[in-house]
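Here is how names work: the chains are called A, B, and so on, in the same order as the sequence lines, proteins then strands, and each is numbered from 1.
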Number of protein chains: 2
Amino acid sequence: MSKYEDIATDIQGSILDGSLKAGDRLPTVVELCDLYGVSKITVRKAIDILAEQGLVSSRRGSGTYVKTTPEALGVESDLHAGDVLYTGRSDRSVGFTNEYALQDKKVSSDIIEFSIVVPPEQIAQRLDMGPDDFAYHDIRVRRLDDIPIVVENTYMPLELIPGLKRHHLEGSIYRYLTQDLGLHLSSFHRIIRAVPATLEEAQWLETEEGSPLLEIEQIGFVDTGLPFEYSISRNVGSRAELHNINIT
Amino acid sequence: MSKYEDIATDIQGSILDGSLKAGDRLPTVVELCDLYGVSKITVRKAIDILAEQGLVSSRRGSGTYVKTTPEALGVESDLHAGDVLYTGRSDRSVGFTNEYALQDKKVSSDIIEFSIVVPPEQIAQRLDMGPDDFAYHDIRVRRLDDIPIVVENTYMPLELIPGLKRHHLEGSIYRYLTQDLGLHLSSFHRIIRAVPATLEEAQWLETEEGSPLLEIEQIGFVDTGLPFEYSISRNVGSRAELHNINIT
DNA sequence: AAGTGGTCTAGACCACTTC
DNA sequence: AAGTGGTCTAGACCACTTC
């Protein structure tokens, strides 16, 4: 952990435990420099992190303030609460398994397909693969507490990811990529849509044909800039939602 | 424009015009310092911007690389291309009007409702309003080239936004807020869902009842940390999509 | 006029990759 | 061992807000 991460975590704690409340002004940048014994740029990076998390907003000449969010006010966070099981965060892409392993929810997968294929041309292009190159192809239905949430349709280039086996799919593929292969995932480019369920999808997801699904088309990149996965996932509309925060 | 913005724009230009290609390594940070005559931190901030835009990825000890995206490869960008009219970017929230005024598309609005009301309790809480406080309420159908894309349902606190009139809704509300009132918009918190169209929405949007809509529930904040709008918009699934980029 | 956040310098030191 | 990006210092100067 770097100094700026430590400082961000510390201030985040003060906001979450209520010692800093909605609308409060943080100590000035110079005061925070003294308080933590660091330089101005280090404090600025910490505040940048808090801003990205949606916790604070800075106003030049005036100060940095705790944002008046429903969370900071103690308002229950979701108007549509009830049957929504999956609330993914668009900013931290750590995969389905990791995001829910922490909570008390049971994560499971039905592997509908796992094979090595020559992918369709348009997908091969997105993965920067030659026309004859092979890729893994898998289709998985992911469940939380046994209720199906999403069907994921994924292609990964064979050359970048040697040795992927069926048992890796039971758990988290991302763990295999990072821990076993030592790859560093850097970013995901996503397109989000609302689409009607096909009959087949409706059966997999235990919902109605034509019912709204939240589609996420995604290309994942490693830190050399190469794509390592192309994926289209379709989430049951009434069981999943995506949260994100945009700084202007 | 700050120095780091100038540098980011310059390198972005090199990537977009093809002088830097997918997979290429950028000059090292030290080389870029010499090239632009700036300090290391300034170059780092420029590269951070390019990373947020999804253009480059840095690898400690190795270098910074142009990402192998479909755009950098010259692949047409959308598999579902054809009838999708609205491709919003989740990272830059400048409002519907601004995002399309630049292009050759005609933006228009049907104002279905515009009034001053006491908002429902749950919405008042999200806007940090007292139970008796008033808010503007408007419902607008936004069209591109006369085709309805989205119905927006928005509440804005009266006290924060004096003098809002019907004619502001014909164009861009955001322009009124920033240019006339001098407010600085800082961030948006969003929840994205797929929902079925009600009969009323289907009529407004010229689509079928029950057809998938992409819902965006949004709270907007100004730079003092106060919420200035609560909005639920519902986009026709087959005519809109949301793009975003996530850095891990 | 005084106080605030934002940018920037000219370095230093470190973690990691490459050879 | 040499080269790369990432963090950090101790300041300086500036834009903007507050009084």
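Applying the Watson-Crick and G-U wobble criteria (two distances, each under 3.5 Å), C/dA2 pairs with D/dT17. Searching all strands for a Watson-Crick or G-U wobble partner of C/dA12 with both distances below 3.5 Å returns D/dT7.
Using a 3.5 Å distance cut-off with no hydrogens or angles, the side chains of A/Asp6 and A/Tyr36 do not pair a donor with an acceptor.
Rounding to the nearest 0.5 angstrom, the gap separating the CD1 atom in A/Ile191 from the NE2 atom in B/His243 is 4.0 Å.
When the nearest nucleotides of DNA chain D are assigned to B/His184 and B/Glu31 by heavy-atom distance, the more 5′-ward of the two goes with B/Glu31. Residue-to-nucleotide proximity on DNA chain D shows that, of A/Lys40 and A/Tyr65, the 5′-proximal contact is made by A/Lys40.
Per the geometry, CG belonging to B/Asp48 stands 14 Å off C1' belonging to C/dT7, to the nearest Å. Across the protein-nucleic acid pair, B/Leu32 atom CG and D/dG6 atom P stand 12 Å apart, rounded to whole Å.
Taking only side-chain nitrogens and oxygens, A/Lys45 comes nearer than 4.0 Å to OP1 or OP2 of D/dT7. For the OP1/OP2 pair of C/dT4 and a distance below 4.0 Å, the side-chain nitrogens and oxygens of A/Arg25 include at least one atom meeting the criterion. Contact between the side-chain N/O atoms of B/Thr42 and the OP1/OP2 oxygens of C/dT9 is found at a separation under 4.0 Å. At C/dC8, none of the side-chain N or O atoms of B/Tyr4 fall inside 4.0 Å of OP1 or OP2 (strictly under the cut-off). Between A/Ser62 and D/dT18, a side-chain N or O to OP1/OP2 separation shorter than 4.0 Å is present.
Among the heavy atoms of the strands, none lies under 4.0 Å from B/Gly182. If you check every strand for non-hydrogen atoms under 4.0 Å, A/Lys3 touches sugar and phosphate atoms only.
The side chain of B/Arg60 lies closest to C/dC16 when the candidates are C/dG5, D/dT9, C/dC16. Set against D/dG5, C/dC8, C/dG6, the side chain of A/Arg44 has C/dG6 as its closest nucleotide. Closest contact between the side chain of B/Ser39 and the listed nucleotides C/dG5, C/dA10, D/dT7 involves C/dA10. Set against D/dC8, D/dG5, C/dC8, the side chain of B/Val29 has D/dG5 as its closest nucleotide.
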